[in-house]
Amino acid sequence: MISRVAEHCFWLARYLERSENTARVLEVNHTLLLDFHVPVEQQWRPALIISGIHDYAEEPTAERVQAFMTWDRENPFSIASSLAWARENARIIREVISAEMWERMNHYHLWMQAPESRELYDGNRSEFYAEVRRINQLLHGIADATMSHGEAWEFFKLGTYLERVSQTARIMDVKYHTLLPKVEDVGSPVDNAHWVAILMSCSGYEPFHKKARAAPMDPATAVAEFLIFDEQFPRSIKRCLWECESATAAAAGNPVGRDRTKPERLIGELIAYLDARAIPDVIREGLHETLTHVVDSVHRIGEAVHAAFFAADVRPPGSGVRPGPATVTQSQSQS
Amino acid sequence: MPRLFDGYSAHPAAWDELFNRTGAPHAHCATLVDRLGKLKHNEFQLKRSGADLAFVNQGITFSVYSDRRGVEKIFPFDLIPRTIPAAEWAALEKGLVQRVQALNLFLYDVYHEQKILREGVVPAELVLGSKGFRKEVVGFRPPGGVYVHICGTDLIRDVDGQFLVLEDNGRTPSGVSYVLENRAVMKKVFPQLFADIRVRRVEDYPHRLREALASVAPAGAGAPPCVVVLSPGQYNSAYFEHSFLARHMGVELVFGADLFVHDDIVYLKTTRGPQRVDVIYRRLDDDFLDPETFRPDSLLGVPGLFRAYRAGNVTLANAVGTGVADDKAVYPYVEDMIRFYLSEEPVLKNVPTYICARPDDCAYTLAHLGELVVKAVNESGGYGMLMGPSSTAAQRAEFAEKIRENPRNYVAQPVVTLSTCPTWTEEGVAPRHLDLRPYIITGRSTWVLPGGLTRTALTKGSLVVNSSQGGGSKDSWVLEK
């Protein structure tokens with residue numbers, strides 16, 4: 001498929017995934033931590049840091065942070081910005097995605113701009129965030145049921161899972177980091193609300209509890225293990241990386257592991273890095289260090305995806321010349 | 001609660017598309033008037049808001065993006081259709097096919113033997129001095145021999161109900177996506193009407209277009225040929241249409257930066273490497289196609305594209321250089337072209353046109369500015385236009401100066417009282433002026449979309465129907481026998 005179009009599919013998915021994650025984090029903070037006595041600074045700044053916002057100048061009060069992360073179009077990571085960018089990517093490739101998907105995306109874009117969404121936000125915040133989460137989930141369902149499962153679909157999946165790896169790692173890192181400032185404290189008993197909040201932020205509360213465990217483990221370690229290593233949970237880092245690996249291979253038209261492109265190689269390396277460790281090793285080496293490695297790797301994978309597919313080598317068959325500049329990428333912020 | 005046509009009073013002079021002079025419906029639209037006329041105002045309003053919502057939800061929009069966030073507007077749509085009886089359409093269709101044949105023969109001639117110029121039927125200086133004349137394609141025969149693959153000819157109906165040609169759009173006519181979307185919405189809003197009245201289908205357009213484009217692929221093209229739609233990009237006002245056509249033809253929509261040329265062959269940049277492109281339905285003007293040949297400052301096109309074209313390795317639709325037939329000062333000669341090339345009498349007549357390049361016409365125009373419509377020959381969308389009767393003295397003085405400065409750039413036409421059709425307005429149903437743009441596709445043969453884009457002025461008395469001037473549109477119904 002056209003390199004530029006593949007890039008739009010990839011970013012459409014990333015922006016959608018990002019809006020869902022932001023909504024989830026804000027919702028958890030809003031509902032779970034309402035009666036939880038941590039300083040405001042510790043409660044709401046993490047929501048900013050998860051999105052990579054380190055320079056928020058004002059005092060991060062609940063209302064301010066929520067408004068900034070939900071509505072502010074000057075903030076490229078806000079839900080409003082993410083959805084607007086998702087819709088713009090969809091508009092550009094509406095001949096590629098299905099008509100039903102486009103209509104739904106457009107519907108939600110209009111909804112975000114209409115008074116109804118503000119009224120819901122003001123009157124029933126949890127329901128507002130739930131609605132935002134449903135946008136991504138619904139669009140994934142429509143895409144699955146109405147789009148050809150061809151190359152465009154694989155790039156859509158790749159965008160989704162790559163963004164998700166990054167989000168899960170960031171949520172864990174920031175939360176653990178903020179709640180437990182010292183690395184050596186990880187593994188010490190923490191208040192239930194902490195790790196429940198982390199699980200909820202990753203939508204993993206029920207799957208975590210349904211998981212059978214051989215030996216009792218302290219909750220913080222168990223949650224970290226689950227979110228990094230679980231092979232079935234669709235938001236765990238390992239599971240997402242597997243999905244990335246198969247989407248990348250399919251996009252390149254190869255079976256997994258054969259004629260690997262650079263992105264697939266990098267994904268493979270990260271999986272191998274995790275495979276070489278169990279949770280005690282991660283805790284010993286430092287959870288933050290491991291998660292930082294994941295986030296940095298995702299960044300490199302994103303660059304490799306760009307180089308391999310979107311700025312693809314346009315060398316014509318049987319020539320040594322590389323004509324013209326490759327597709328100019330859109331200047332979308334990548335967190 | 002009043003019913004839809006209660007108290008409708010037709011325009012005193014114009015031809016009305018639905019009602020005759022006695023106030024009764026034309027015979028062919030009796031059923032339509034009867035069915036629609038049963039609707040109460042509030043019922044009609046409900047249908048209107050349903051239709052508007054459908055356009056908004058589907059993002060069927062136009063308008064230039066002023067910034068990255070942009071403003072998208074829907075093209076105002078009126079739910080009362082205009083109708084054309086079968087026999088009348090058959091004559092129109094014949095006239096349109098004849099016209100496009102003559103235009104294609106004219107373009108071939110102008111870029112080859114120039115017989116028509118040598119015989120003095122069309123003044124040589126008018127053609128050779130046209131902005132649309134491209135010396136770069138002199139002697140070049142486009143693949144398939146077709147120049148105008150897609151033509152949008154603007155027609156109007158005069159006070160006697162006679163169709164006249166206002167102009168031909170032979171470069172990149174737009175609007176056909178609205179024809180198809182309008183119809184889709186009408187079918188949703190008035191399913192029963194379509195069951196009661198046999199209206200000819202318009203939905204074949206994308207399929208016909210794709211077939212026509214594939215039929216003029218260059219020698220050596222793949223089977224099937226790789227056809228793409230080339231758009232200037234997502235900020236273009238017609239981006240919706242570019243995307244619509246690509247989607248419905250099932251071909252790729254590409255931007256200039258998605259293509260590159262190597263060894264005079266055009267390739268598409270794909271995730272798995274280059275792919276050869278055979279036919280390009282381009283939605284940008286000649287000037288922007290190739291910075292190597294035309295405007296060097298343009299970033300929209302593809303460097304080397306013209307070389308590939310000249311080498312016969314890619315088909316461009318419409319061909320390079322068709323602008324010379326699109327020139328409003330050349331248009332008055334189309335009837336003569338038909339006689340010259342086809343030895344036939346023109347089925348469709350032009351609106352009489354004064355060409356300011358001719359001294360007599362120019363003098364007449366300058367003396368009668370208050371009665372004429374003056375148009376710049378290379379503008380479109382209602383820009384560069386003077387509506388004499390509604391103009392101010394200052395506007396007339398300004399135009400007089402422009403005409404004296406560059407007479408070649410202007411033509412004038414008498415004000416034609418365009419036909420009207422009942423249209424929903426804030427004061428209920430009232431007559432509004434309209435025109436009709438049918439679309440004519442030419443590949444190995446020529447096909448006319450039954451119907452076309454009906455554009456309607458929304459302001460009382462206004463004769464300007466362009467969307468960029470605040471006009472709206474209607475569904476155009478060509479009736480089966």
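Keep in mind the model is a prediction, meaning the values are calculated, not measured. Naming: A, B, ... by sequence-line order, numbering from 1 per chain.
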Q) Taking C-beta and beyond as the side chain, do A:Glu88 and B:Gln234 meet within less than 4.5 Å on heavy atoms? A)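 Counting from C-beta outward, A:Glu88 and B:Gln234 do come under 4.5 Å.
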Q. Can you tell if the side chain of A:Asn106 reaches within under 4.5 Å of the side chain of B:Gln58, non-hydrogen atoms only?
A.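 Not touching, per the 4.5 Å side-chain cut-off.
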Q. Should we say atom NZ of A:Lys262 is surrounded by more than 12 heavy atoms from elsewhere, each under 6.0 Å from it?
A.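 Check fails, neighbour count at 12 or below.
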Q.
Does atom CD (A:Gln137) have a neighbourhood of more than 12 heavy atoms from anything else shown, all under 6.0 Å?
A.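 Correct, the count exceeds 12.
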Value rounded to 0.5 Å, distance of [atom1] in [X] from [atom2] in [Y]:
X	Y	atom1	atom2	answer
B:Tyr239	A:Arg91	OH	CZ	7.0 Å
A:Met1	B:Glu252	CE	CD	7.0 Å
B:Asp258	A:Ile2	CG	CD1	5.0 Å

Is the backbone N or O of [Y] less than 3.5 Å from a side-chain atom of [X], with the two atoms forming a donor-acceptor pair by type?
X	Y	answer
B:Arg272	A:Ala251	yes
B:Arg247	A:Ser98	no
B:Thr271	A:Phe309	no
B:Asn57	A:His107	no

Q: Against chain A, label B:Phe255 side chain, backbone, both or neither, depending on which of its atoms sit under 4.5 Å from a heavy atom there.
A: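 Contact with chain A involves both backbone and side-chain atoms of B:Phe255.
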Q. Between A:Arg94 and B:Phe240, does a side-chain contact (heavy atoms from CB on, under 4.5 Å) hold up when you go through it step by step?
A. CA-CA 9 Å; A:Arg94 63 183 281 184; B:Phe240 165 74; 3.5 Å; yes
(Q) Tell me the closest heavy-atom pair linking A:Glu95 and B:Ser243, and the distance in Å. (A)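 That closest heavy-atom pairing would be CB-O, 3.6 Å.
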